[in-house]
Amino acid sequence: MPSTAEKLQHTANLRATRDYRNYVDGQWVASSSGKTFENRNPADHDDLIGTFQESNEDDVNAAIDAAHKAYDGWRLTPAPKRAEYLFRVGEILRRDKEKIAREMTREMGKVLEETKGDVQEAIDMAYLAAGEGRRMYGQTTPSELPSKFNMSVRMPLGVAGLITPWNFPIAIPAWKGMAALVCGNTVVIKPASLTPLSVVMLAEALEEAGLPHGVWNVVTGGGKEVGEPMLRNDKVKVISFTGSTAVGRDISVACAPSFKHLHLEMGGKNVILVMDDADVDLAVDGALWGAFGTAGQRCTAASRIVAQAGVYDQFVEKLARRAKSLRVGNGLDPKTDMGPSVSASQLKTVRDYVKIGKDEGASCVAGGSPLTEGDLARGFFHQPTVFADVKPNMRIAQEEIFGPVTAVMKCDSLEEAIEIGNGVRYGLSSSIYTRDINKAFVAMRDMYTGIFYVNAPTIGAEVHLPFGGTKETGNGHREAGIAGLDVFSEWKSIYVDFSGSLQRAQIDTEEM
Ligand code: UN1
């Protein structure tokens, strides 16, 4: 008898298991290593999605050479023309949204509604970048001298190396990729080894859109074998990485000697502040979605909540009750609220932190255990877990867990809530629930995070605003929005003197 997992996979009409290749210079090619690795469904490890190339330095260098060769042609293609390819990619992704989302749920685990959102984010980004092809504004500004014209324009950098994570397997590659391409760069992308198919599907869309060969290249494999050679290669002019702070630091060090441009988007320990005057039910809705959406595997996840004393007990009781009622299972099942952790090691991290929280003396008021009944034994499932009575200095309130665990703390005032909120080494996202507009504006001013929400959880960024964070979350850059173009371009200031004589700036100007 087929299991529920098998039945779901069957009705979803998923791709047959197969051997996937790298995409280099417009061709689907095998790695020179002759080796492959397996990609399995985190909700059902008996389900083999396919094998992918376990690439090496030679493969990476070949892809970089192809991107380098394609660069001049792409750079000199007018930006509105480049944008037309991206618009077509948006159309293709829109047509295939449901199909791509189902494959993504199978490879990453999050529920179908969320993987559809992930594809939608890639579509949004394709359209945003396509529109930008006809803008990409620089500045024109008067000169201090007569008969002289001043302006600034964006220049592309060359080959962009993208190293992307598994939690938003197509949205984040699209954030980086669409911005890189519209600016005129060519791309080599190394997808996370847990979710290579999503980036292969993105490459298929780019191929169908008719992108010139070599402009977009995909090389799958490990960080050491594929990522590191990218950092060493002088033809790569900019690296954009999303992942852990520890890996981001190593990348930063590796890029420093050659002054490679570098954009880092790293950890988060995001916080929701719930004030005494908040709509508590709304705050519970937000906390539930923020903490357990994507099984907590978002950089923006609401992994901390600070509730004011007057609503603390009520908030904890309601959140715990709602967390216990979430249905955990295969993300292809429409009845499922929350899918699995992405891998055995991610599940182990969750289990380790649950133990740490208990040992630290926090009260586990919901969840706290892995789920292994029936079909669930074939995946990496864990209960949605709520800790209460957490102290701000506990490890569960300081360290990124990247799983379905949230830590609730008590505070007496807005000032204390903000102090606790800012008291971590990360600064990606924060939010406040309050009906008092003054409190909302104080928190908006004083929370030192790159993203801030009022009466909404810490997740839910839209593609046309800058995305990124402060402190150890980032290195001062933002992606998405117009700000994302700054990572993949640099400014050229241009002065045209049409006076026919030598005019010296700062010197040949009349004193007032
Ligand atoms: C991430 O967590 O890495 O705002 C990206 C959000 C999503 C993007 C998250 N739109 O949660």
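Only this structure's heavy atoms are used, side chains among them; waters, hydrogens and symmetry mates stay out. The chain is numbered in sequence order, starting from 1. Atoms within each ligand, like the ligands themselves, are counted from 1 in listed order. Because the structure is predicted, anything quoted here is derived from the model rather than measured.
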task = Using distance alone, decide if ligand 1 has a nitrogen or oxygen within less than 3.5 Å of any nitrogen or oxygen in T242.
result = no

key: Donor on one side chain, acceptor on other, K269 and Q398, under 3.5 Å   = no

task = Give a yes-or-no answer on whether the side chains of T294 and N167 include a donor-acceptor pair shorter than 3.5 Å.
result = no

request  = Pick one of side chain, backbone, both or neither for how N167 approaches ligand 1, counting any non-hydrogen atom pair under 4.0 Å.
outcome  = side chain

message = Below a 4.0 angstrom heavy-atom separation, can you tell me which part of I172, side chain or backbone, both or neither, approaches ligand 1?
response = side chain

key: Polar side-chain atom of K237 near backbone of F488 as donor-acceptor pair, under 3.5 Å   = no

ask   = With distance as the sole criterion, is a donor-acceptor pair present between the side chains of E91 and Y127 under 3.5 Å?
value = yes

key: Y453, any N or O under 3.5 Å of ligand 1 N or O   = no

Atom 4 (O) of ligand 1: nearest protein contact (heavy atom, Å) = A461 N, 2.7 Å

query = Do C299 and ligand 1 have an N or O pair less than 3.5 Å apart?
reply = yes

query = Are R321 and E317 close enough for a salt bridge, meaning some N to O gap below 4.0 Å?
reply = yes

Donor-acceptor contacts, no H, no angles, side chain residues 438-447, under 3.5 Å, sequence neighbours left out:
| from | atom 1 | to | atom 2 | distance (Å) |
| --- | --- | --- | --- | --- |
| K439 | NZ | D277 | OD2 | 3.2 |

Identity and separation of the nearest protein heavy atom to atom 9 (C) of ligand 1 = F168 CE1, 3.5 Å

ask   = Is it true that D118 and K110 make a salt bridge, defined as a side-chain N closer than 4.0 Å to a carboxylate O?
value = yes

query = Quick one: does E121 get an N or O within less than 3.5 Å of an N or O on ligand 1?
reply = yes

inquiry  = What I want to know is whether G460 and ligand 1 share at least one N or O pair that is separated by under 3.5 angstrom.
reply    = yes

ask   = Which residue and non-hydrogen atom of the protein lie closest to atom 7 (C) of ligand 1, and at what distance in Å?
value = R298 NH1, 3.6 Å

